[in-house]
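See below for the structure under consideration.
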Amino acid sequence: MTRTLTTAAIALALAAVPTMGGAQSFQAGQPIMWGADQVSRTPTALSLRGRAELTQGDSRIRADRVEGVIANGGLSRVEATGNVYFVTPEQTIRGDRAVYTPANDTIVLTGDVILTQGENVMTGGRLTYNTRTEAAEMDGAGEGGRVQGVFYPERSGT
């Protein structure tokens, strides 16, 4: 998950500001692919609309819309909305909205969040994840909301 959102942030920065050469070394030179039904770009923003998708290596972010904000020569915010999916080889995270803030290395997914890893599933209303420390916190949806999960122990010898 962390690699995916960081990848999205780097991809938006590279696409919107091609002169940020140093950012290309982030993922050991792997190509960044992106696509959408409609794309618009300004010196301070990039917008991917309709089947928006960013892929780098085995990580992918997909949403109805992905917006990137460029400030002070770097990426300050990435927001994905509508049917948001973050997919890595190990897990899939689904939410209605995701915001990545590079300044504090934080990804926040909201709205019917579902995290799956193998057979394990956790649901809630808000997932906050720090890409640097890998600390995560899931909160329930709304007042009185609950976090729920199903976890399967690893089977040994069978």
Side-chain angles (χ1 to χ4, degrees), residues 1-16 23 26-28 30 32-39 45-71 74-156 158:
M1 177 172 89
T2 63
R3 305 299 183 264
T4 302
L5 212 36
T6 302
T7 297
I10 296 299
L12 285 173
L14 291 174
F26 178 77
Q27 293 278 323
Q30 290 187 15
I32 298 166
M33 297 179 292
W34 56 271
D37 294 334
Q38 191 174 34
V39 178
L46 176 70
S47 178
L48 305 173
R49 293 176 303 280
R51 298 183 300 167
E53 187 169 51
L54 298 162
T55 304
Q56 185 176 38
D58 292 332
S59 299
R60 177 171 47 119
I61 180 174
R62 186 181 68 194
D64 294 338
R65 185 175 191 132
V66 176
E67 305 284 333
V69 177
I70 310 298
L75 190 65
S76 63
R77 177 183 169 102
V78 173
E79 182 174 344
T81 54
N83 300 304
V84 178
Y85 285 87
F86 296 99
V87 180
T88 71
E90 295 82 29
Q91 57 195 3
T92 299
I93 302 114
R94 187 240 170 256
D96 297 328
R97 181 172 183 256
V99 175
Y100 173 61
T101 309
N104 63 6
D105 301 312
T106 302
I107 302 164
V108 179
L109 290 100
T110 56
D112 297 323
V113 178
I114 302 169
L115 169 63
T116 59
Q117 185 171 24
E119 293 180 291
N120 302 323
V121 178
M122 184 167 54
T123 63
R126 177 183 171 99
L127 174 68
T128 303
Y129 190 87
N130 184 289
T131 61
R132 185 177 32 80
T133 65
E134 298 184 355
E137 181 178 326
M138 178 80 86
D139 298 315
E143 189 175 323
R146 295 175 51 90
V147 175
Q148 297 182 15
V150 177
F151 300 97
Y152 293 87
E154 290 187 34
R155 297 179 188 111
S156 60
T158 49

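We number each residue from 1, following the sequence as shown. Since we're looking at a predicted model, the values are computed, not measured.
Here the straight-line distance linking atom OG1 of T110 with atom CG of D139 works out to 11.0 Å at 0.5 Å rounding. One finds the CZ atom of R60 at 5.0 Å from the CD atom of E53 (value rounded to the nearest 0.5 Å). The CZ atom of F151 lies 6.0 Å from the CG atom of N120; values are rounded to the nearest 0.5 Å. Atom OG1 of T128 sits about 9.5 Å away from atom CE of M138, to the nearest 0.5 Å. With rounding to the nearest 0.5 Å, the separation of OG1 in T116 from CD1 in I93 is 7.5 Å. From L109, atom CG reaches atom OH of Y85 across 12.5 Å, with rounding to the nearest 0.5 Å.
By the 4.5 Å heavy-atom criterion applied to side chains, L115 and Q91 are counted as neighbours.
Between the side chains of S47 and R49, at least one donor-acceptor pair of N or O atoms lies under 3.5 Å.
For CZ of R126, the number of neighbouring non-hydrogen atoms (other residues, nucleotides, ligands) closer than 6.0 Å is 12 at most. In this structure, Y152 places its OH atom where only 12 or fewer heavy-atom neighbours from other residues, nucleotides or ligands lie under 6.0 Å away.
Scanning both residues, V84 and A63, for their nearest heavy atoms gives CG2-CB, 3.9 Å.
At a threshold of 4.0 Å, the pair R94-D96 counts as salt-bridged, since one of the basic side-chain nitrogens sits closer than that to a carboxylate oxygen.
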